[in-house]
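Here is the structure we will look at.
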Protein chains: 2
Amino acid sequence: MARRATAQDVADLAGVSRSAVSLVLNGRGAGNISEEKQKAVRAAAAQLDYTPNAVALSLRSRRTRTLGVLTWPGVVGFSQTMLHRALRKAGEHSYLLLVMDTDDDAEVERRQLDTLRDRQVDGFLVVSPALAHYRPPEVLHSTPTVLLNCLDPDGAVSSVTPDEVQAGQRAAEVLLRHGHRRIGLLVGDPGSLQSRLRVAGVQQAATAAGVEPPQPVVAGRNIDDGARAARAVLSGPEPPTALVCTHERLAVGAALVAAELGLRVPQDLSLVSLEDGERLTSRLDPPMTTVHRPDGAMAEQAVGLLLERLGGASPEIRRMVFSCPLRERASVGCPGRAPGVLPRPR
Amino acid sequence: MARRATAQDVADLAGVSRSAVSLVLNGRGAGNISEEKQKAVRAAAAQLDYTPNAVALSLRSRRTRTLGVLTWPGVVGFSQTMLHRALRKAGEHSYLLLVMDTDDDAEVERRQLDTLRDRQVDGFLVVSPALAHYRPPEVLHSTPTVLLNCLDPDGAVSSVTPDEVQAGQRAAEVLLRHGHRRIGLLVGDPGSLQSRLRVAGVQQAATAAGVEPPQPVVAGRNIDDGARAARAVLSGPEPPTALVCTHERLAVGAALVAAELGLRVPQDLSLVSLEDGERLTSRLDPPMTTVHRPDGAMAEQAVGLLLERLGGASPEIRRMVFSCPLRERASVGCPGRAPGVLPRPR
DNA sequence: CTGAAAGCGCTTACAG
DNA sequence: CTGAAAGCGCTTACAG
């Protein structure tokens, strides 16, 4: 990189002192520096294409305007939307993001946290691909931190999370409303907090409607997992008239099997996905009815919270829970609408 | 963040000067500092949990050990794998990544480049989600820069890219080898360099084999686009016995339509995808034969190149092109293998 | 109204 | 063998 102009260069060119340059360029010239010299400073700065060295600024102010982002991508990776919107929100306030990924290894995470601390990040954003509990290590307690899509079980650190129980309820409700009584439930990652909450939501809604709560069928997280599970469920006795899938790729698998079995969606089978973040389900034919996790809004809120804290807001702990709206598309119909139509034999 | 110990604190505790602390901790103690004092310094550093302030280090050394990453996610986002592996490779050399995304807006990009420059990043990595031409603005010419998955048309900046023509050839060849003569070609983004090269590869392979080169059918980039195009192509007169899709989601759409039309893969229809980065096609049933773009290796190479430059290697321009291996799975068969089997009527 | 000094936290010549 | 000084590039009191 070609040597860049410093405040001293500008001062020399304008014939003033370094302090004058600083004052003028930071808008504190009026009343301190003569009009004439102010002009000279501005002209010199423009001519030399001068902008202050952020590293020097950071050393002096002891703030780097940098946020450390800790994530552990897992199979599908952490939401593109979250990263995108976090980046944007931070950028609007002249903050930058230093991204790390922990490989889901505690030892790696510890090292990375140390690195980020050495780099003097002003705050931390911990983002999980799937809703989970996360117990923040010591350093995160003494530095402004917000958890995105994860929760501190001790409630000592702020978090922004989706209401996964409600998501499950909404998926079940749209089906119930259409008259479905035999609902299949395909889940991935059954041990995860995310899946447990989603399942609970589905079951609560069913119970509330006086319908036998669907038992989760453990599938997996991928298309083929979903296909396998859907095939099993749909070819059993008394097959369900509708399927709820906790993961987007599971839902794609289910759609594939429906096509393969000659089941028309939604006439012969209704489908709902509890995810649409990868824009897979919304682009199926017919486009699938989904419950949407507002990744963008959540990320913006999380960064916003962090920025408020950094701006001097009271350090009170917030736990913000976001609603997940139902996005009705075209994959839900009424069961038995076309009683004469039988599934085509395979 | 609690006030952290500085070299001065360590010096005070150990009863030596600040310089002694620096010398000892940077391994230049031997021959300069007495054994005894070295021990005292190390003990004090450990006791205070001292690590140097990276910002101060950066100011002094005029290197931040930070790489600026410029990307423009687009619809599908830039490869998770690329980010992951770039992060890892950089981390191994104590470099961190400052990620920005340009929203595909030249004005935004200019501003972000300025920001990154002010932050004194040591080098730039420009990463494109799809192979494209990228004309680096001035500042990237005067700072170590590597283009990942994009190419400087003027050849003035180093780049790491996949061989997309070869990718197209390999997809066509596996089909040709199995005896296919009527091959359909579904493309997304027909104007993009990526698609043009992929199409050229497919056509070259066909021509070389004495087969009429397939004409690209413009579909789009999503599942429903692929479904629509596949449906049209497959229900025309003399439908192809195999389909090549330039984009992964197109391939998913094609698989969906195959299921819907009762076409068995690979007995009735063979399918090849020119992408498998989202782990969609590889998880279909049957798993699809694909051409694999080595995102991880490319990202590692790109960061490696940048690091070498930063380490003082000669500033020669490198244009590294990566081979894209064929991953044979189960979606390619021989045409007419089961002549008695006719597609089921819709 | 303006310039010289101090200091953020480091490391590296340079005296002693 | 060790400490005092200079300097990376900035801004903010502080003298004049």
Side-chain angles (χ1 to χ4, degrees), chain A residues 1-42 44-45 48-66 94 117-122, chain B residues 1-42 44-45 48-66 94 117-122:
Chain A
M1 178 130 50
R3 184 180 169 285
R4 296 188 49 206
T6 69
Q8 185 62 251
D9 297 328
V10 177
D12 291 347
L13 183 60
V16 300
S17 75
R18 225 152 86 240
S19 359
V21 172
S22 173
L23 253 17
V24 173
L25 265 22
N26 288 308
R28 311 197 329 165
N32 282 321
I33 314 282
S34 70
E35 268 306 330
E36 201 178 348
K37 295 211 168 182
Q38 290 197 44
K39 250 194 201 143
V41 167
R42 272 186 250 280
L48 297 176
D49 188 24
Y50 170 76
T51 47
N53 179 325
V55 172
L57 233 47
S58 293
L59 183 59
R60 165 141 243 283
S61 66
R62 288 142 124 202
R63 307 180 95 233
T64 53
R65 295 191 93 79
T66 303
S94 307
R117 203 187 50 150
D118 291 345
R119 296 285 188 133
Q120 313 292 123
V121 298
D122 296 333
Chain B
M1 179 133 49
R3 184 181 168 287
R4 296 188 49 206
T6 69
Q8 185 63 69
D9 298 327
V10 177
D12 291 347
L13 183 60
V16 300
S17 75
R18 223 151 89 243
S19 0
V21 171
S22 174
L23 252 18
V24 172
L25 264 23
N26 288 307
R28 311 197 331 164
N32 283 321
I33 314 283
S34 70
E35 268 308 327
E36 202 178 347
K37 295 210 170 182
Q38 290 197 44
K39 249 193 202 146
V41 167
R42 272 187 250 280
L48 297 176
D49 190 24
Y50 169 77
T51 47
N53 178 325
V55 172
L57 232 46
S58 293
L59 183 60
R60 165 139 244 284
S61 66
R62 291 144 122 203
R63 307 181 97 235
T64 53
R65 295 193 90 82
T66 303
S94 308
R117 204 189 47 151
D118 291 346
R119 296 286 188 131
Q120 313 291 122
V121 297
D122 296 333

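Sequence lines set the chain letters: A, B, ... in the order given, protein chains first and strands last, and positions in each chain run from 1.
- Applying the side chain to side chain donor-acceptor pair (under 3.5 Å) test to B/Ser58 and every residue at least two apart in sequence or in another chain returns nothing.
- Side-chain to base pairing of A/Ser19 with C/dA4: one donor and one acceptor N or O lie within less than 3.5 Å of each other.
- Every residue two or more places apart in sequence or in another chain was checked for a side chain to side chain donor-acceptor pair (under 3.5 Å) with B/Asn32, and none qualifies.
- In this entry the distance linking CG of A/Leu23 with P of C/dC1 reads 12 Å, nearest Å.
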Under-3.5 Å N/O pairs linking protein and nucleotides 14-16 of chain C:
none

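- What separates CZ of A/Arg4 from P of D/dC8 is a distance of 16 Å, to the nearest Å.
- Rounded to an integer number of Å, the gap from CG of B/Leu57 to P of D/dG9 is 15 Å.
- When each of A/Glu35 and A/Arg18 is assigned the nucleotide of DNA chain C with its nearest heavy atom, A/Glu35 is the one assigned upstream, toward the 5' end.
- Applying the side chain to side chain contact (heavy atoms under 4.5 Å, CB included) rule to B/Leu13 yields the partners B/Ala44, B/Gln47, B/Leu48; only residues at least two apart in sequence or on another chain are considered.
- Non-hydrogen atoms lying under 4.0 Å from DNA chain C are contributed by A/Leu59, A/Arg60, A/Arg62, all within residues 59-66 of chain A.
- The side chain to side chain donor-acceptor pair (under 3.5 Å) check on B/Arg63 picks up B/Tyr95, with sequence neighbours excluded.
- Within the structure, salt bridge (charged side-chain N to carboxylate O under 4.0 Å, His left out) pairs that include any residue of residues 7-20 of chain A comprise A/Arg3-A/Asp9 (at least two apart or interchain).
- Taking the side chain to side chain donor-acceptor pair (under 3.5 Å) definition, one finds that A/Arg119 meets it with B/Thr66, sequence neighbours left out.
- Distance B/Arg28 CZ to C/dT11 C1': 8 Å, rounded to the nearest Å.
- For A/Ile33, whose side chain is taken as the heavy atoms from C-beta onward, the closest listed nucleotide among C/dT2, C/dG9, D/dC10 is C/dT2.
- Every pair tested for salt bridge (charged side-chain N to carboxylate O under 4.0 Å, His left out) that includes a residue from residues 25-37 of chain B fails, sequence neighbours excluded, so the list is empty.
- Taking all atoms of both residues into account, the shortest heavy-atom contact from A/Thr6 to A/Tyr50 is C-CE1, 3.4 Å.
- Of the charged side-chain nitrogens involved, none lies within less than 4.0 Å of a carboxylate oxygen, so that A/Asp49 and A/Arg4 do not count as a salt-bridged pair.
- Between the side chain of B/Gln120 and the main chain of A/Ala54, no donor-acceptor pair closer than 3.5 Å is present.
- For B/Asp9 and C/dC10, the CG to P distance is 9 Å, given to the nearest whole Å.
- Spacing between atom CG of A/Asp12 and atom C1' of D/dC10 amounts to 15 Å, rounded to whole angstrom units.
- Across the protein-nucleic acid pair, B/Asn26 atom CG and C/dT12 atom C1' stand 11 Å apart, rounded to whole Å.
- Nucleotides C/dG7 and D/dA4 are separated by 16 Å at their P atoms, to the nearest Å.
- Distance CG (A/Leu25) to P (D/dG9): 16 Å, rounded to an integer number of Å.
- Place B/Ser17 and A/Ser22 on DNA chain D by their nearest nucleotides, and B/Ser17 ends up nearer the 5' end.
- Among the heavy atoms of the strands lying under 4.0 Å from A/Ser34 are primed sugar atoms or P, OP1, OP2 only; no base atom is included.
- Residues satisfying the side chain to side chain contact (heavy atoms under 4.5 Å, CB included) test with A/Ser22, not counting sequence neighbours, are A/Asn26.
- Minimum atom distance to the side chain of A/Thr6 is reached by D/dC10, of the listed C/dG3, D/dC10, D/dT2.
- Among the atoms of the strands shown, only primed sugar atoms or phosphate atoms (P, OP1, OP2) are found under 4.0 Å from some heavy atom of A/Asn53.
- Stem analysis of DNA chain C (at least three stacked-register Watson-Crick or G-U pairs, each with both distances under 3.5 Å) gives C:1-3 with D:14-16, C:5-12 with D:5-12, C:14-16 with D:1-3.
- Scored by the side chain to side chain contact (heavy atoms under 4.5 Å, CB included) test, B/Ser19 finds B/Ser17 as partners (sequence neighbours excluded).
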